[in-house]
Amino acid sequence: MPELPEVETIRAGLDRWLPGRSIADVEVLHPRSVRNHEPGPDHFASLLRGRTITGTARRGKYLWLPLDSGDALLCHLGMSGQFLLKGADEPADKHLRVRLSFADDQPELRFVDQRIFGYLDYADGGADLPASVAHIARDPLDPLFDDAEYSARLRRKRTEVKRSLLDQTLISGIGNIYADEALWRSRLHWSHPVAELTEEQVAELLGHIRDVLAEAVVQGGTSFDSQYVNVNGQGGYFSLVINAYGREGEPCKRCGDPIRREPWMNRSAYSCPTCQPPPAATR
DNA sequence: CGTTCCTCCTGAGAGC
DNA sequence: TGCTCTCAGGAGGAAC
């Protein structure tokens, strides 16, 4: 259930376990989970058998495992995807979609995904950056993220600030929760037009985005390492202090007024009506 | 061309 | 209880 911190937590957990291991077998239990691989599940499995995982990588919410062939096993967790490391003798999880076993007697890697919005794919030549991830912007925790370029690009858009935060081609890794949290910290309403943000406001927003993501990464990091085998990437999430998301009717931690929920894009936007007033019409 | 919005799934919880 | 409705941390691509 992944935004950047959850995906990063999973990546870090996998990175302590997978590099150097050889894939012995791949079992695809639901074809939709590998739907982007045109030749089909059997071909997908055959490409992976015998390959050695050489590392782990992430951009935004995309995760991939570089292989000794120079290709990569690409993964997006969608809304409900999880990676679990479990013993082969443990019972199948309810929504187990793909199972990868390794050459030795080690735990297997399971891809579990209730809603099947997530997927695995074989990325030809994608060890450094899979082609299907190339259009995704760097995320704000990436040392090569260019703040000035982001600010200029953002302010040229004709859209609202929350929409822009969820546009992964502008800035990646942010989803509905961290968007609402960063906007709360910035005292910005979701509908604020990005073209009207000053450079200073963008810089402040970016600072809050980095803070909330980094705090969540630290929290998430504690949950993944209990037992490598029983890992559920979602665990640490709820220890983060949430100020807006999901708090409809509860008091704003700054001013005490009840947090409001507004329908937004077939989803929800949470904000403080006092700290985050809708922008005044400018024309 | 840029921006908006529908759709792909399964399941939980609320209300009747 | 069982039905219907809404909602859920995402993103590609059709529609405008």
Side-chain angles (χ1 to χ4, degrees), chain A residues 1-11 29-38 58-63 74-83 92-98 111-121 130-137 139 152-184 190-195 209 212-213 215-217 219-220 223 232-249 261-270:
Chain A
M1 339 261 303
E3 298 180 39
L4 185 153
E6 291 73 42
V7 180
E8 173 57 21
T9 297
I10 291 166
R11 187 209 59 77
L29 295 132
H30 199 306
R32 252 192 81 74
S33 293
V34 295
R35 60 191 174 278
N36 293 332
H37 187 72
E38 295 293 344
R58 181 187 59 76
R59 176 179 286 198
K61 307 171 195 173
Y62 288 79
L63 173 65
L74 173 64
C75 174
H76 196 288
L77 300 172
M79 291 281 268
S80 55
Q82 300 173 330
F83 270 129
D93 311 80
K94 181 162 187 193
H95 302 293
L96 179 60
R97 307 304 188 193
V98 182
F111 181 61
V112 175
D113 186 13
Q114 178 202 117
R115 297 175 72 182
I116 330 182
F117 288 172
Y119 62 88
L120 304 186
D121 197 10
S132 55
V133 184
H135 68 293
I136 298 297
D139 63 63
R153 249 187 105 196
L154 178 70
R155 297 190 304 126
R156 259 184 264 126
K157 297 285 183 182
R158 294 287 171 270
T159 193
E160 298 163 344
V161 64
K162 181 166 174 176
R163 298 178 105 97
S164 80
L165 294 180
L166 299 189
D167 181 347
Q168 307 295 302
T169 68
L170 270 175
I171 185 169
S172 70
I174 303 166
N176 209 28
I177 294 183
Y178 296 108
D180 280 0
E181 292 305 306
L183 291 171
W184 182 87
W190 54 264
S191 68
H192 202 98
V194 291
I209 289 168
V212 72
L213 292 178
E215 289 166 23
V217 167
Q219 297 294 329
S223 72
N232 174 341
Q234 166 179 333
Y237 173 74
F238 291 100
S239 49
L240 181 80
V241 174
I242 293 294
N243 292 302
Y245 185 85
R247 298 193 66 243
E248 181 179 18
R261 170 189 174 274
E262 294 170 275
W264 184 84
M265 295 282 296
N266 288 326
R267 309 170 81 176
S268 300
Y270 296 89

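Chain letters run A, B, ... following the sequence lines, proteins first and then strands; every chain starts at 1.
Within 4.0 Å (heavy atoms only), A:H135 reaches sugar-phosphate atoms of the nucleic acid but no base atom. Using a 4.0 Å heavy-atom cutoff across all strands shown, A:Y62 reaches sugar-phosphate atoms only and no base atom.
Following rounding to the nearest Å, A:D180 (CG) and C:dG10 (P) show an atom-to-atom distance of 11 Å. The CE-C1' distance, from A:M265 to C:dC7, rounds to 15 Å in whole Å. Look at CD on A:E3: it is 13 Å from P on C:dA8, rounded to the nearest Å. Taking atom CG of A:D113 as the reference point, atom C1' of C:dA11 lies 14 Å away to the nearest angstrom. A straight line from CG of A:L165 to C1' of C:dA11 spans 16 Å, rounded to a whole angstrom. Atom pair A:N36:CG and C:dA11:C1' shows a separation of 11 Å (rounding to whole Å applied). One atom, CG of A:L74, and another, P of C:dG10, lie 17 Å apart when rounded to the nearest Å. The NZ atom of A:K162 sits 13 Å away from the C1' atom of C:dG10 (whole-angstrom rounding).
Put simply, the side chain of A:D113 never gets that close to the backbone of A:Y119: no donor and acceptor are under 3.5 Å apart. With hydrogens and angles ignored, the 3.5 Å screen pairs no side-chain donor or acceptor of A:S172 with any backbone N or O of A:Q168. Not a single donor-acceptor pair under 3.5 Å links the side chain of A:R247 to the backbone N or O of A:R261. The backbone N or O of A:T169 sits less than 3.5 Å from a side-chain atom of A:D167, completing a donor-acceptor pair.
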Please list each protein N or O that sits under 3.5 Å from an N or O in nucleotides 13-15 of chain C, with the distance.
none

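Here the closest heavy-atom approach between residue A:A195 and residue A:K157 is recorded as CB-O, 3.7 Å. Taking all atoms of both residues into account, the shortest heavy-atom contact from A:E3 to A:N176 is OE2-N, 3.6 Å.
The aromatic ring of A:F117 does not sit over the base of C:dA11, since the test of centres under 5.5 Å and planes under 30° is not met.
Proximity of A:H76 to the phosphate of C:dA11: a side-chain N or O atom is located under 4.0 Å from OP1 or OP2. Proximity of A:R267 to the phosphate of C:dT6: no side-chain N or O atom is located under 4.0 Å from OP1 or OP2.
Distance noted for atom P between C:dA11 and B:dC1: 23 Å (whole Å).
For the side-chain hydrogen bond (donor to acceptor under 3.5 Å, both in side chains) test, no residue two or more places apart in sequence or in another chain qualifies with A:W264. In this view, A:F117 satisfies the ring-ring contact (aromatic ring centres under 6.0 Å, His included) rule with no residue, not counting sequence neighbours. Annotation: side-chain hydrogen bond (donor to acceptor under 3.5 Å, both in side chains) contacts of A:S132 (sequence neighbours excluded): none.
First and last contacts of DNA chain B with chain A, using any nucleotide atom under 4.0 Å from a protein heavy atom and ordered 5' to 3', fall at B:dT3 to B:dG11.
Both A:R261 and A:I174 lie close to DNA chain C; mapped to their nearest nucleotides by heavy-atom distance, the more 5′-ward contact belongs to A:R261. Position along DNA chain C of the nearest nucleotide to A:L166 versus A:S268 favours A:S268 as the more 5'-ward residue.
Between A:R58 and A:L4 there is a side-chain heavy-atom pair separated by less than 4.5 Å.
Note: A:H135 and A:Y62 have perpendicular aromatic rings, judged against thresholds of 30 and 60 degrees for the angle between ring planes.
Looking at A:D180 and A:K162, a side-chain N of the basic residue comes within less than 4.0 Å of a carboxylate O on the acidic one, giving a salt bridge.
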Task: Paired and unpaired positions of DNA chain B as dot-bracket, Watson-Crick or G-U wobble under 3.5 Å, | denoting a partner strand - done: .|||||||.|||||||

